[in-house]
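Data block below; observations after.
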Amino acid sequence: MSEPKPDRPLEIAHVLFIDIVGSARLLTNEQSEVLRDLNQIVRATEQFRAAETVGKLIRLPTGDGMALAFFTSPEAPVRCAMEISKALRNNPKLPLRMGVHSGPVDPVLDVNERSNVAGAGITMAQRVMDCGDAGHILLSRRIADDLAQYSKWQPHLHELGECEVKHGAKVSLVNFYTEEVGNAALPKKLKEEKQATAAASRTKSKPTLIAGALFVVIALPLGFWFFSRDGAQRSTKPGATALTSIAQKKIAVLPFKPLVPDDRDQVLELGMADSLIAKLSNIREMVVRSLNSVRKYDGLEQDPLAAGRELEVNSVLEGNVQKSGDRIRVTARLISVEDGSSLWANTFDEKFTDVFAVQDAISQKVADALALRLSGEEQKRLTRRYTENLEAYQLYLTGRYHHARLIPPEVRKSIEFFQKAIDLDPNYALAYFGLAEANRSLAITSDVPSKDCLPQAKAAAMKAIELDDFLAEAHASLSFTLIWYDWDWGGGEREARRAVALNPNSGIAHYAYAHVLSDLGRHNEAIIEGARATELEPVFLLFNAIDGMFLHHARRDSEASAQLQRTLEIDPTFWITHLILGKVLITQRRYSEAIAEFSKARELSHGNSDTIASIGYIAGLTGDVAKARGVVEEMKGLSNQHYVPPTTVALIYNGLGEQNEALSYLEKAYEERDVRLTLLKVDPNWDSFRSNPRFIALLKRIGLE
């Protein structure tokens, strides 16, 4: 008897299967040309070259395309598909469909006596690809589940359900797409299957239909409740996957429009949306885009479905509002983004004193239309009124309107309105939160001394929490003041974590937590939290730009640059994006490009001191001593007109290599509690100081060492 062969070790490959759609219709020479072009594009991708260099890639030609078996990570084939898709944006001659799967493979010798692979991993990747059309990047559920453990992938995973493939087998599919790559449309094969299923159901006998209808009436609400509650609970836990949160409702409340275009009241129009956002945000089953994200859609001609697609939501609440004398007329409509159908609509014509009742009614109807099952606490908060004082409410709305513009003079103006609202109703928690946020934002963007705004922000946030401990955003605001002014890192982290726990769907909660983690050097955690914030607020410029800063501080500059470029595509006029991109370019030694970015940031911010100092810093780095010293003198001259943070002057001396002078200004910044000191531990600009005893002592005093 021959000896049994030893078991061959199980190998798992992460497979990308690629097919040129319609290649069979091409002439032979045309087929050769497109295959040659495809090979060149694939071989040029970073993922292909990296895996091939370390011997972790096997290529299989397939006639109309190829299969790539990566033996590195589940991300590799998806990243490769993204690189290929980006390269093909301007090449209509290469319509590709791609499928990705992780599965077992067996090493074999092909007909040319070369090492190759075969097996279920390859076969299933092809089956997945076969379900797609040109432009699609389809994933099997197995690989999607792996990717969904990381928040950076979650927003791009869209469940499709099952698709029948060869021999009657079915595969569970997830569509992968972003704004730049992939195909968001439902694959033709799945659409046809749904149509066939619907047609078959219509042929059933009437008694069967009646019985089926009774079953749906009874079972669907129960099934939906168990599914949605389970999904909501799992999505709030660390490591929750995108596929568990797919069932979660996502909604945008757009700024209301005037019934009569020539008679606008933009404070009321934005305020109605803001009030409804505040109410609906208390429901954990639902993700509600914040005012920061939706305020850009206040145009009279704004298409609500286009806005919904940009905001990546399932439904949009839009409406009209008009105040005339002592009466208010409101129309509201909840729309499905998928097909434009109306889920609910109503009109309210009431006395203005009943505006709170109108908001309660709209919020309740939205919850009902989306079949949300509310807990007792959620139901209570859905109809909670933070004030019964109508004048205080109007002042609060006016403050929110001015603060939403994020321009220093407007922010200062908002503080006046928030304070007036508080004077009329000292128990108005939302007004205290508004006051906290307005004061906090002055510290980092407006060249205002920390002592003139951060203690006020802290006091207002604490008062808001005292009045309503469940107000997640107030805890996030308090977190910022604790780390920026008190350098209380433990307290800042506790408040940020509290904010996330209270409302896992709050972008500002994750943003605050990411700040704490990043400043402490806990970069991987910070990047996850920052990505979650941008997932929740995909078009909010600040979160997107600061996400780039977190990556930069983690020394992941290629990713930071890509993130910042995406932010500029949303809006090229946001100065903070240009400022951070300039910092990334410095570390890449692309100094002339960095100066261009800082110059744009200076112009757009109307002379923010960080932008000016960064130009002086580069001058010092590149040996242009005269220019650097000229910027120092410019900063000193500006200090006679307004506050100039000492860290900005220290940065220029840093570029000049004058460490003692730079440290003197950093110590001055310590005395003044300059908020920018919180970045010293992680900002690459200060890497040359890491071994300096004075610098180390300063970090210790701030609590960062």
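Residue numbers run from 1 in the order of the sequence given. These numbers come from a predicted model, not from an experiment.
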Is there a donor-acceptor pair closer than 3.5 Å between any side-chain N or O of N282 and the backbone N or O of A278?
yes

Work out which heavy atom in Y670 is nearest to a heavy atom in L698; give both atom names and the distance.
CB-CD1, 3.8 Å

Is N505 reaching over with its side chain to a backbone N or O of M286, donor-acceptor style, under 3.5 angstrom?
yes

Heavy-atom donor-acceptor pair, R412 side chain to L442 backbone, under 3.5 Å:
no

For salt bridge (Lys or Arg N to Asp or Glu O under 4.0 Å), just list the numbers for R264 and E269, CA-CA rounded to whole Å, side-chain angles, deciding distance to a tenth of an Å, and then say yes or no.
CA-CA 8 Å; R264 296 203 70 175; E269 293 161 19; 2.5 Å; yes

With a 4.0 Å cut-off on N to O distance, would you call D519 and K681 a salt bridge?
no

Passing option when R381 is tested against I283, L280, D468 for side-chain contact (heavy atoms from CB on, under 4.5 Å)
D468

Counting distance only, does the side-chain N/O of S479 pair as donor-acceptor with the main-chain N or O of H475 below 3.5 Å?
no

Parallel, tilted or perpendicular, as decided by the 30° and 60° cut-offs, for the rings of F540 and F543:
perpendicular

Walk me through whether E537 and R289 qualify under side chain to side chain contact (heavy atoms under 4.5 Å, CB included).
CA-CA 6 Å; E537 305 291 351; R289 299 297 185 233; 4.2 Å; yes

Backbone of E473 reached by a side-chain donor or acceptor of S477 within 3.5 Å:
no

Test log, rule side chain to side chain contact (heavy atoms under 4.5 Å, CB included), inputs L270 and R400:
CA-CA 9 Å; L270 195 69; R400 290 285 282 173; over 6 Å; no

With a 4.0 Å cut-off on N to O distance, would you call D360 and K279 a salt bridge?
yes

Beyond-backbone contact of W344 with L317, side-chain heavy atoms, under 4.5 angstrom
yes

Ion pair present between R676 and D683, side-chain N to carboxylate O less than 4.0 angstrom?
no

Give the intermediate values and the outcome of side chain to side chain contact (heavy atoms under 4.5 Å, CB included) for residues W575 and K600.
CA-CA 7 Å; W575 70 272; K600 288 178 189 174; over 6 Å; no

Does any part of the side chain of K365, heavy atoms only, come nearer than 4.5 Å to the side chain of I362, both counted from C-beta?
no

When you check the side-chain N and O atoms of S275 and Y393, is any donor under 3.5 Å from an acceptor?
yes

Beyond-backbone contact of L704 with W489, side-chain heavy atoms, under 4.5 angstrom
yes

Please confirm whether the backbone N or O of Q302 pairs with a side-chain atom of K257, one donor and one acceptor, at under 3.5 Å?
yes

Considering all heavy atoms of both residues, which atom of L424 and which atom of N389 are nearest to each other, and what is their separation?
O-ND2, 3.7 Å

Check whether F480 forms a cation-pi arrangement with R440 (NZ or CZ under 6.0 Å from the six-membered ring centre, at most 45° off the ring normal).
yes

Side-chain donor-acceptor pair present, D423, Q419, cut-off under 3.5 Å:
yes

CD1-OG1 distance between I576 and T567, expressed to the nearest 0.5 angstrom
11.0 Å

State the CD-OG1 distance between E603 and T611, to the nearest 0.5 angstrom.
10.5 Å

Can you tell me how far the CG atom of L397 sits from the CD atom of Q266, to the nearest 0.5 Å?
13.5 Å

Report yes or no: is the cationic atom of R384 (NZ for Lys, CZ for Arg) under 6.0 Å from the centre of the six-membered ring of Y386, at an angle within 45° of the ring normal?
yes

Please report the closest heavy-atom contact between F348 and A361, naming both atoms and the distance.
CE2-CB, 3.9 Å

Contact check, side chains of V366 and K249, non-hydrogen atoms, under 4.5 Å
no

On a heavy-atom basis, the closest approach of S450 and V675 is OG-N, 3.6 Å

So do the side chains of E672 and P449 get within less than 4.5 Å of each other, counting heavy atoms only?
no

Apply salt bridge (Lys or Arg N to Asp or Glu O under 4.0 Å) to E350 and list each qualifying residue two or more places apart in sequence or on a separate chain.
none

Nearest 0.5 Å, please: how far is CG in L679 from CG in N685?
10.0 Å

Going from CG on N439 to CZ on F418, what distance comes out if it is rounded to the nearest 0.5 angstrom?
10.0 Å

Determine yes or no for a side-chain-to-main-chain donor-acceptor pair under 3.5 angstrom, with H578 supplying the side chain and T573 the backbone.
no

Side chain proximity check, V632 to M635, heavy atoms < 4.5 angstrom
no

If only atom types and distance count, is the side chain of R284 paired as donor or acceptor with the main-chain N or O of L502 below 3.5 Å?
yes

V644 and side-chain contact (heavy atoms from CB on, under 4.5 Å): which partner among V649, D447, I612?
V649

Is the shortest side-chain heavy-atom distance between W686 and L651 below 4.5 Å?
yes

Between E466 and Y432, is there a side-chain donor-acceptor contact under 3.5 Å, judged purely by atom types and distance?
no

Start with the C-alpha gap between D571 and V539, add the side-chain angles, then the distance that decides, and say whether side chain to side chain contact (heavy atoms under 4.5 Å, CB included) holds.
CA-CA 9 Å; D571 186 345; V539 300; over 6 Å; no

Spatial distance of atom CD (E535) from atom CD1 (I528) [nearest 0.5 Å]
12.0 Å

Side-chain donor/acceptor of S518 to backbone N/O of A514, under 3.5 Å
no

Flag the pair Q456 / L435 as yes when at least one side-chain heavy-atom distance between them is below 4.5 Å, and no otherwise.
no

Think K420 forms a cation-pi with F417, using NZ or CZ under 6.0 Å from the six-ring centre and within 45 degrees of its axis?
yes

Report the residue from L536, V313, L311 that forms a side-chain contact (heavy atoms from CB on, under 4.5 Å) with S293.
L311

State whether the side chain of R329 and the backbone N or O of Q322 hold a donor-acceptor pair below 3.5 Å, judged by distance alone.
no

Compare every heavy atom of P255 with every heavy atom of Y297, then report the nearest pair and how far apart it is.
O-CD, 3.7 Å

Count the heavy atoms of every other residue, nucleotide or ligand shown that sit under 6.0 Å from CZ of R673, and state whether that count exceeds 12.
yes

Minimum heavy-atom separation for D547 to G530, with atom names?
OD1-C, 3.5 Å

